[in-house]
There are 2 protein chains.
Amino acid sequence: MAFSKVEPDIVMERLLHVFRSVGYDGASLTELASATGLKKASLYHRFPDGKVGMARAVLDHVKGWDDSQIFYILLSSEPAKERLDAALNAISVFYEGGRLACILRAMSHGAAAEIFRDQIAETFQNWVNAFAHLATDLGHDSDTAQKLGESSLVKIQGSLILAQTLQKPELFQDALEAIKTDFLK
Amino acid sequence: MAFSKVEPDIVMERLLHVFRSVGYDGASLTELASATGLKKASLYHRFPDGKVGMARAVLDHVKGWDDSQIFYILLSSEPAKERLDAALNAISVFYEGGRLACILRAMSHGAAAEIFRDQIAETFQNWVNAFAHLATDLGHDSDTAQKLGESSLVKIQGSLILAQTLQKPELFQDALEAIKTDFLK
DNA sequence: TTTTAAATACCGAACGATCGGTAAAGAAAA
DNA sequence: TTTTCTTTACCGATCGTTCGGTATTTAAAA
């Protein structure tokens, strides 16, 4: 690498921030460029596939975060209750306590929906499965565990929407608490 | 009105369908025109404020639906349990059993977010309040009723997202069932 | 009842602005 | 010097929007 005025990690963070804030269609190259501090053509040097490539890179980046921060924790060999606490804490950090939107939801409308539908569905399903796995470790039967996995994602996604539109981040924290209660019941 | 190739009700339905499907930024005038059967210039005759005016009209239309189909039912003088059933049924119909997205969520990204933020927040709050009111009628105390109102919206919104991305509409029906269980507990 | 004028609705064509994207040249690192 | 990265300048396409003009309907005048 010759030189880079802006570190790749920073670029990734900024792209993620723009996409999750305004959605795929709402994110113009002009905004992506000014947010990253790179000119449009420089973005195309780093992402030869353009806007689609940037979005794909962001989704891959998030997938890596999921693997290391969520699935790794939920499926580790620690005591089940500690795993649940650790995962919910990591989730709370990632969404800044309910102040940031979910990138998967932001990519589920318009032009991006068709391109990334399968990848988004797979990620959601992985989340459901990981939570369901933890539920079985906590003694729930298979059917109940599946329902708990689904309801966890429902509560995370739904509370993020309400937290942001009503500007009440505590609704997100309440939802995380409710998930914990459900699992330990 | 002189003459009208396409009935206003039809136009409203088509606009609603496009906006909720692809979001505000994702809905181009070209698509809105072809969906309604009107040319772009004709859309501007009916909606002098252009795309923003169309979105506002759609949100007003949905507000009217909320008032007559949800709030009217939830706050009527019928027995509380029957009100709950009727409201959940109406909601299920409006979202076609989980196959259609929420227009409010679709308008929460990008350019539309800034324009309609207050109106969207108000509508969500009205939903929460209506559900909370019903909860008190069912004998729940004030705090519990508030939580039930919030969790109802969380489940509706969250399950709509999962139902559509995972293409499993039954997740939405499950959520409606869960709401009923929560209220009657 | 017929004629005429106003009002209403629609549409083709074009507007300036912005979209995502690219080619070529300059500058820094190797 | 070669390679890597950034930059300026630009492209065609599409964006939301507007204009000039044409149907169709309503209503007043004759």
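Fair warning: this is a prediction, and the values are worked out from it, not measured in the lab.
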Rounded distance (Å) that lies between atom [atom2] of [N] and atom [atom1] of [X]:
X         : N       : atom1 : atom2 : answer
Ile115(A) : dG20(C) : CD1   : P     : 12 Å
Phe47(A)  : dT6(D)  : CZ    : P     : 11 Å
Asp25(B)  : dT14(D) : CG    : P     : 18 Å
Glu7(B)   : dA9(C)  : CD    : C1'   : 13 Å
Glu31(B)  : dA13(D) : CD    : P     : 21 Å
Leu43(B)  : dT18(D) : CG    : P     : 14 Å
Lys51(B)  : dT14(D) : NZ    : C1'   : 12 Å

Checklist entry - Think Arg20(B) forms a cation-pi with Phe94(B), using NZ or CZ under 6.0 Å from the six-ring centre and within 45 degrees of its axis? => result yes

Report which part of the nucleic acid [X] touches: base, sugar-phosphate, or nothing (heavy-atom distance under 4.0 Å, all strands).
X        : answer
Lys40(B) : base
Ser28(B) : sugar-phosphate
Ala33(B) : nothing

Checklist outcome for this item: Testing dC5(D), dT7(D), dG20(C) for proximity to the side chain of Lys39(A), the answer is dT7(D)

Checklist entry - Among the nucleotides dC10(C), dG20(C), dT17(D), which one has an atom lying closest to any side-chain atom of Leu38(B)? => result dC10(C)

Checklist outcome for this item: The answer to which of Gly37(A) and Asp49(B) contacts DNA chain D further toward the 5' end, by nearest nucleotide, is Gly37(A)

Item to check | Upstream residue (5' side of DNA chain C) when Ala41(A) and Tyr24(A) are each assigned their closest nucleotide | outcome: Tyr24(A)

Tell me whether the OP1 or OP2 atom of [N] has a side-chain N or O from [X] closer than 4.0 Å.
X        : N       : result
Tyr44(B) : dT18(D) : no
Arg46(A) : dT6(D)  : yes
Thr30(B) : dC15(D) : yes
His45(A) : dT6(D)  : no
Ser42(A) : dT7(D)  : yes

Checklist entry - Are Asp143(B) and Lys147(B) within salt-bridge range, i.e. N to O under 4.0 Å? => result no

Item to check | Carboxylate-amine/guanidinium proximity below 4.0 Å for Lys81(A) and Asp85(A) | outcome: yes

Next on the checklist: Can a side-chain donor-acceptor contact be found between Gln146(A) and Glu150(A) if the only test is distance below 3.5 angstrom?
Outcome noted: yes

Next on the checklist: Using a 3.5 Å distance criterion without hydrogens, assess whether the side chain of Lys51(B) forms a donor-acceptor pair with backbone atoms of Tyr24(B).
Outcome noted: yes

